[in-house]
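Okay, so here's the structure we're looking at.
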Amino acid sequence: MISNFNLFLNIWIGFGLLTFVYLIISKIRTPYGRHSKNGWGVMVNNKWAWFWMEFPALVVMPFLSIIGPNELNPFSILLVSIWFIHYLNRVIIFPLRIKTKGKKMPISIAFSAFFFNIFNGLFNGYYVGFIMNPESIYNYNVLIGLIIFIFGMVINISSDNTLISLRKYSKGYKIPNGGLFNFVSCPNYFGEIIEWIGFLIIALSLPALSFTLWTFFNLIPRALNHHEWYKETFKNYPIKRKAVIPFVL
Ligand code: NDP
């Protein structure tokens, strides 16, 4: 059973890698947000799409972790808690706060994210609830991973806040400034990648590695797309700014 689980996960990671290579080579801009366009299926309300496409992540992983034969222990409770807190923000708070009134996204994008979140939730929840051996939370990797997770979450949420506040007085797009925006175009993605690296350091599991890699595979191409878009759109865009990893990329 465990070998099948690991096999599925390796196939899943391979699929993510192929997606990443395809997005980088084709330079396709995933059509939501600023890159949204027709031709990718029916257009649906942006805020509701965010809610429904991320909702499986909020429930599937915690549900499997709780109903599985493994008894909940401080280590599994920690994993479920930080996952749940992240997705509570992404599923409920983030869609309520974004200023995207009247905006739409193609249903194909919402569906692909929906299915990604089902699979990702299944892998991580099944691991915690059915496979994982009890671990102590009093290990260095747990402390270091937790600090990194919280650090990433602070960067992610504060950067999303900066972007949301750009629409306080007017619609449209502006050049974001301040904090990590002085170094990269997409610090919110940088923070998200750091968060899941932290989760991986705590969990030290194949499903957590898969999620961290998928986050990288999704967000690096999108950050490169955003960065190009900023440079095309704003002639005075700061030239020293990188796309997503300060001083590197
Ligand atoms: P974006 O940075 O594209 O947009 C975030 C919000 O800010 C949107 O409402 C957007 O509006 C608005 N915005 C962005 N830039 C500007 C600007 N220059 N001026 C004015 N408003 C702006 O992020 P995403 O929508 O792609 O992602 C949102 C969150 O979800 C992020 O925190 C990200 O990390 C996370 N995410 C995680 C993924 C994963 O694989 N783990 C995958 C995708 C996202 P508009 O929508 O109109 O462009």
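For ligands, and for the atoms within them, numbers begin at 1 and follow the listed sequence.
- Contacts of Asn188 with ligand 1, taken as heavy-atom pairs under 4.0 Å, involve both backbone and side chain.
- Residue-level proximity to ligand 1 for Asn156 is carried by the side chain, the only part with a heavy atom below 4.0 angstrom.
- In Glu192, the part holding a heavy atom less than 4.0 Å from any atom of ligand 1 is the side chain.
- For Phe181, the ring-ring contact (aromatic ring centres under 6.0 Å, His included) test picks out no residue, with sequence neighbours left out.
- Residue, atom and distance of the protein heavy atom nearest to atom 13 (N) of ligand 1 are Leu163 CB, 4.0 Å.
- Residue contacts with ligand 1 include Tyr230, since one or more of its heavy atoms lies under 4.0 Å from the ligand.
- Ligand 1 has Phe94 within reach: a non-hydrogen atom of the residue lies less than 4.0 Å from it.
- At a cut-off of 3.5 Å, with distance as the only test, no side-chain donor of Arg34 or Tyr173 sits close to an acceptor on the other residue.
- Among residues at least two apart or in separate chains, ring pair (Phe, Tyr, Trp, His ring centres under 6.0 Å) pairs with a member in residues 67-86 are Trp83-Tyr87, Trp83-Trp196, Trp83-Phe199, Trp83-Phe211, His86-Trp196.
- Of the heavy atoms in Trp50, only side-chain atoms (C-beta onward) come closer than 4.0 Å to ligand 1.
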- Step-by-step side-chain hydrogen bond (donor to acceptor under 3.5 Å, both in side chains) determination, Asn156 to Arg90: CA-CA 11 Å; Asn156 176 256; Arg90 185 65 67 236; 3.1 Å; yes
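- Contact annotation: for Lys99 versus ligand 1, there are no heavy atoms closer than 4.0 Å.
- Heavy atoms of Tyr32 come nearer than 4.0 angstrom to ligand 1 in at least one pair.
- In this structure, Ser36 falls outside the shell of residues with a heavy atom less than 4.0 angstrom from ligand 1.
- Here Leu219 has side-chain heavy atoms under 4.0 Å from ligand 1, and that is the only part of it that gets that close.
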